[in-house]
There are 2 protein chains.
Amino acid sequence: MEAATIVDALGHAGYRLTTPRRALAELIAGRRGHFTADELLVESRRRRLGLTRATVFRSLDVLADLELVERLDLPSGEHAFVACHPSQQHHHHLVCSSCGRSTEVADDGFEAVAASIARSTGYRVDVHRLELFGLCPSCRASA
Amino acid sequence: MEAATIVDALGHAGYRLTTPRRALAELIAGRRGHFTADELLVESRRRRLGLTRATVFRSLDVLADLELVERLDLPSGEHAFVACHPSQQHHHHLVCSSCGRSTEVADDGFEAVAASIARSTGYRVDVHRLELFGLCPSCRASA
DNA sequence: ATTTTTGCAAACCTTTTGCATGGAA
DNA sequence: TTCCATGCAAAAGGTTTGCAAAAAT
């Protein structure tokens, strides 16, 4: 994910392009895998970008609304985020437990499963959350 | 879920059968849908069961280890738990957004999806979390 | 008698909020 | 110039912890 992509999307959505938001876009763009609000904050201090905790949270909130990042609940219970590509169809994330890198996975096959669950239970299924964790190819190789 | 089921499972796993644990088992047995640690605590105070906050959390932790309850992350971001049947095969929860009731869903069709995702990405998929939310039949009817 | 479990209260961590100031449009 | 966004610092949740006392085995 490039910083410019994030900045553009913010502008396009009518949000003001402030220095903190540009800085945060850079930070997120520099991340390979998932990250927490606190990690961004620490990194911003290291680089002297002057972001505030409140701003990090508020901005992540905006970015989540725009689907530029997605909230993850890691198996450890930690909350984290991953950058993801906007205006794309519904998808899920496959996260490497070792390096944290994440891959977007199409929802394809899963739609049918959800439909069949709806049919057999009588529920109307509105939302589903699917998160997959494992080892990415390169971490498998070095394991 | 019956309280005795929980108590038996605790005993079977070598945990001591204390008054607070029995009380908690009752509280959980009395729940229809999902619940938070705090809800159990409030209910325990109402019924004068004398449970402590720390004990509720510690016990839920044990029960989660034994897979007698499962942690949920609701779409709202809240953490909650649902009682579930132990020693059963891997399954997921379908939660009613209206009444909170939850249904266990077999993993069947999903296994194939996970396998195909592993194949196409090269990842080794170890863990997946799937949570479904919607309206249960009875809430659909009254909607 | 031994070991686990509990209560208590404080600590901890993450996330949110109010309000005055500063900056973008 | 108008309205949105930020900083600050405090509050708010939710969850965990240390330790001595109490209870289970």
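Below, chain A is the first sequence line, B the second, and so on; all start at residue 1.
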Taking only distance into account, with no hydrogens and no angle test, what donor-acceptor pairs under 3.5 Å do side-chain atoms of residues 8-26 of chain A form with protein atoms, sequence neighbours excluded?
{"unit_1": "A/Thr18", "atom_1": "OG1", "unit_2": "A/Arg21", "atom_2": "N", "d": "3.2"}
{"unit_1": "A/Arg21", "atom_1": "NH1", "unit_2": "A/Arg16", "atom_2": "O", "d": "3.0"}

First of B/Tyr15 and B/Asp38 reached from the 5' end of DNA chain D, by closest nucleotide: B/Asp38

Which atom of A/Leu27 lies closest to which atom of A/Ser44, heavy atoms considered: CD1-CB, 3.6 Å

Distance-only donor-acceptor hits, side chain of residues 69-84 of chain A, under 3.5 Å, sequence neighbours excluded:
{"unit_1": "A/Arg71", "atom_1": "NH2", "unit_2": "A/Asp61", "atom_2": "OD1", "d": "2.7"}
{"unit_1": "A/Asp73", "atom_1": "OD1", "unit_2": "A/His79", "atom_2": "NE2", "d": "3.1"}
{"unit_1": "A/Asp73", "atom_1": "OD2", "unit_2": "A/Arg129", "atom_2": "NH1", "d": "2.5"}
{"unit_1": "A/Ser76", "atom_1": "OG", "unit_2": "A/Glu78", "atom_2": "N", "d": "3.2"}
{"unit_1": "A/His79", "atom_1": "NE2", "unit_2": "B/His79", "atom_2": "NE2", "d": "3.2"}

B/Ser120: side chain to side chain contact (heavy atoms under 4.5 Å, CB included) partners, not counting sequence neighbours: none

Test side chain to side chain contact (heavy atoms under 4.5 Å, CB included) applied to B/Ala37 - qualifying residues, sequence neighbours left out: B/Val56, B/Phe57, B/Leu60

Atom pair distance, as rounded to whole Å: CD in B/Glu78 and P in D/dA12: 18 Å

B/His93 ring center within less than 6.0 Å of B/His34 ring center: no

Minimum heavy-atom distance B/Cys96-B/Cys136, with the two atoms named: SG-N, 3.3 Å

Partner residues of B/Ser142 under the side chain to side chain contact (heavy atoms under 4.5 Å, CB included) criterion, sequence neighbours left out: none

The helix from C/dA1-D/dT25 to C/dA25-D/dT1: angle between end helix axes, five pairs per end, rounded to 10 degrees: 40°

Nearest-Å distance for atom pair CZ/P, residues A/Arg22 and D/dT6: 12 Å

Interatomic distance, A/Arg21 CZ vs D/dC4 P [rounded to whole Å]: 11 Å

Check: residues 109-116 of chain A side-chain donor-acceptor pairs under 3.5 Å, at least two apart:
none

B/Arg124: salt bridge (charged side-chain N to carboxylate O under 4.0 Å, His left out) partners, not counting sequence neighbours: B/Asp126

ILVMFWY cluster membership beyond A/Val42 - transitive side-chain contacts under 4.5 angstrom: none

Any residue of residues 50-63 of chain B with a heavy atom less than 4.0 Å from an atom of DNA chain D: B/Arg53, B/Ala54, B/Phe57, B/Arg58

Rounded distance in Å - CG (B/Leu74) to C1' (D/dG13): 16 Å

Terminal contacting nucleotides, 5' and 3', DNA chain C versus chain A (heavy atom, 4.0 Å): C/dT15 to C/dA25

Euclidean distance, A/Met1 CE relative to A/Ile28 CD1, rounded to 0.5 Å: 8.5 Å

N/O (side chain, B/His79) to phosphate O (OP1/OP2, D/dT15) under 4.0 Å: yes

Nucleic acid contacts - residues 25-36 of chain A versus DNA chain C, non-hydrogen atoms under 4.0 Å: none

Distance-only donor-acceptor check, side chains A/Glu131 and B/His128, under 3.5 Å: no

Contact under 4.0 Å: A/Arg16 side-chain N or O vs D/dC3 OP1/OP2: no

